[in-house]
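Below is one structure, written out as structure tokens, with a few remarks after it.
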Amino acid sequence: MPETNSIKKKLVFRFYAELNDFLPKWERQKEIVKYFKTPITLSDTMVSFGIPLSEVDLILVNGESVELTYRLKENDRISVYPKFESFDISSHSRLREKPLRETRFILDCHLGKLTKYLRILGFDCFYKNYMDDDAIIDIAAREKRIILTRDKLLLSSSRITHGYYMRSTEKHEQLKELVQKFDLYSQFKSFTRCMICNEHLQSAEKYTIEDKLDSETAQVFNEFYLCPKCDKVYWKGSHFKRMEAFIRNLVSNE
């Protein structure tokens, strides 16, 4: 026989900050009254709103932190907060064990340009232009990486513990968005990684890599860096100066 309390009951939801990006315009930044057939869990209601669980760090029901398996009751008031990745709220939240203290990323195939900028800033970024969703999720879990994506469906997987939906579509704006969202300013280690393969760069004497340089570069510059994996050579030329100016601009927006 069906459960006798399997009827629609009133629940009141409030989503905070960027979680509103996943809601239709008429439901943003306000209390939302919904009627659900109970019993129903918090996890089920988040799915019905289209909120990726990886975007959520803290849920309060009637002012108390609860787990996603919590069964909602009539007139419960649910407050849902986004990730607080830049500081630790593990004593208050039951949705994840702890923030990732080493900031490492894995990016989907649509974010190749952002990957290069993050690597220039020194961040460990896993990227291949042919990974499917399952591969991204597996690598993120195994290597403790934050998934960055423009695919809302990818973030809907319950296997993801750390993920972020990029709102911006332009590479410079994406970089600013990410740096500000995760408060990455203090973690910049510019020009320490290869932007092509992610390997740590090594200082190289000019005479050891002269065969890889054109005559003008060899004549003008004396400080060089070599990627030991893909053999690419870097030096602080005009591209370096442009990126350095861009980074200074990012920091000034802190």
Side-chain angles (χ1 to χ4, degrees), residues 17-19 21-22 50-57 82-86 96 98-201 225 227-230 232 234 239-240 242-243 246-247 249-251 253:
E18 61 266 26
L19 293 181
D21 294 345
F22 298 97
I51 303 291
L53 297 180
S54 60
E55 290 270 329
V56 177
D57 240 9
K83 295 192 307 267
F84 296 88
E85 194 65 44
S86 58
R96 66 185 73 235
K98 59 183 178 180
L100 296 178
R101 283 306 171 211
E102 183 180 355
T103 307
R104 304 197 296 172
F105 301 105
I106 180 168
L107 297 87
D108 73 15
C109 62
H110 304 292
L111 298 175
K113 291 180 180 178
L114 176 61
T115 298
K116 289 185 177 181
Y117 277 106
L118 286 171
R119 285 173 176 171
I120 287 172
L121 289 174
F123 291 100
D124 184 347
C125 296
F126 191 103
Y127 173 83
K128 294 184 182 297
N129 60 9
Y130 52 82
M131 288 186 294
D132 61 25
D133 289 357
D134 286 337
I136 291 174
I137 295 169
D138 288 343
I139 293 169
R142 183 172 64 250
E143 300 184 5
K144 297 186 178 356
R145 294 180 180 271
I146 301 169
I147 296 174
L148 302 180
T149 182
R150 288 274 304 156
D151 183 358
K152 294 180 181 178
L153 186 60
L154 167 59
L155 290 181
S156 67
S157 172
S158 60
R159 295 168 56 205
I160 298 175
T161 59
H162 294 79
Y164 180 67
Y165 173 72
M166 297 299 307
R167 277 67 171 174
S168 303
T169 57
E170 196 276 328
K171 60 184 179 181
H172 294 132
E173 292 303 315
Q174 285 176 339
L175 183 57
K176 288 184 180 180
E177 174 187 337
L178 195 66
V179 168
Q180 291 167 359
K181 168 64 185 178
F182 289 92
D183 194 20
L184 299 177
Y185 298 98
S186 63
Q187 300 182 49
F188 287 178
K189 295 178 181 177
S190 304
F191 309 101
T192 57
R193 283 188 181 273
C194 176
M195 72 169 72
I196 305 302
C197 72
N198 199 46
E199 192 73 16
H200 279 291
L201 298 178
Y225 301 89
C227 174
K229 184 175 181 180
C230 72
K232 182 174 176 59
Y234 294 85
H239 180 70
F240 172 89
R242 287 196 301 271
M243 281 304 304
F246 180 63
I247 291 169
N249 182 57
L250 268 179
V251 174
N253 291 334

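The structure presented is a predicted model; accordingly, all values stated were derived computationally and were not measured.
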Exercise. Can you check whether Leu53 reaches Ile160 side chain to side chain, under 4.5 Å on heavy atoms?
Worked result: no

Exercise. About how many Å separate OH of Tyr165 and CG of Leu154, when rounded to the nearest 0.5 Å?
Worked result: 11.5 Å

Problem set entry | Closest non-hydrogen atom pair, Asn198 against Cys125 | OD1-N, 3.0 Å

Exercise. Do Glu177 and Tyr164 have a side chain donor and acceptor closer than 3.5 Å?
Worked result: yes

Exercise. Are Gln174 and Tyr117 close enough, and set up right, to give a side chain to side chain contact (heavy atoms under 4.5 Å, CB included), and what steps lead you there?
Worked result: CA-CA 10 Å; Gln174 285 176 339; Tyr117 277 106; over 6 Å; no

Problem set entry | Worked check of side chain to side chain contact (heavy atoms under 4.5 Å, CB included) between Ile136 and Thr149 | CA-CA 10 Å; Ile136 291 174; Thr149 182; over 6 Å; no

Seminar exercise, completed: In terms of heavy-atom contacts, Glu18 and Pro82 come closest through OE2-CB, 3.7 Å

Exercise. Taking atom CE of Met195 and atom SG of Cys230, what is their separation to the nearest 0.5 Å?
Worked result: 10.5 Å

Problem set entry | From Lys113 atom NZ to Glu170 atom CD, the distance as rounded to the nearest 0.5 Å | 8.5 Å

Problem set entry | Spacing of OH belonging to Tyr127 relative to NE2 belonging to His110, to within rounding of 0.5 Å | 9.0 Å

Exercise. Tell me, do Tyr234 and Phe191 make a side-chain contact under 4.5 Å, heavy atoms counted?
Worked result: no

Problem set entry | Heavy-atom check, side chain of Leu121 versus side chain of Leu184, under 4.5 Å | no

Exercise. Can you check whether Glu199 reaches Arg193 side chain to side chain, under 4.5 Å on heavy atoms?
Worked result: no

For this session: Side-chain contact test, heavy atoms from C-beta onward, threshold under 4.5 Å: evaluate it for Cys227 versus Lys229 and give yes or no.
Result: yes

Exercise. Looking at Lys144, Lys189, Arg104, which hits salt bridge (charged side-chain N to carboxylate O under 4.0 Å, His left out) with Asp124?
Worked result: Arg104

Exercise. Which heavy atom of Phe246 sits nearest a heavy atom of Leu175, and at what distance?
Worked result: CE2-CD2, 3.2 Å

Exercise. Does the side chain to side chain contact (heavy atoms under 4.5 Å, CB included) test come out yes or no for Lys176 and Asn249, once each step is laid out?
Worked result: CA-CA 10 Å; Lys176 288 184 180 180; Asn249 182 57; 3.5 Å; yes

For this session: Flag the pair Met131 / Phe126 as yes when at least one side-chain heavy-atom distance between them is below 4.5 Å, and no otherwise.
Result: yes

Seminar exercise, completed: For Phe123 and Thr103 the tightest heavy-atom approach is CD2-O, 4.2 Å

Problem set entry | Inter-residue atom distance Ile120.CD1 - Thr192.OG1, 0.5 Å rounding | 11.0 Å

Exercise. Would you say the side-chain atoms of Glu143 pair up with the backbone N or O of Arg145, donor to acceptor, closer than 3.5 Å?
Worked result: no

For this session: Can you see which heavy atom on Arg150 is nearest to which on Asp108, and at what distance?
Result: N-OD2, 3.3 Å

For this session: Verify side chain to side chain contact (heavy atoms under 4.5 Å, CB included) between Val179 and Phe188, making sure each step is shown before the conclusion.
Result: CA-CA 10 Å; Val179 168; Phe188 287 178; 4.0 Å; yes

Exercise. Atom CD1 of Ile137 and atom OG1 of Thr161: how far apart are they, to the nearest 0.5 Å?
Worked result: 10.5 Å

Exercise. Do you know which of His172, Arg119, Met166 makes side chain to side chain contact (heavy atoms under 4.5 Å, CB included) with Leu114?
Worked result: Met166

Exercise. Is it true that Glu55 and Arg167 have a side-chain N and a carboxylate O under 4.0 angstrom from each other?
Worked result: yes

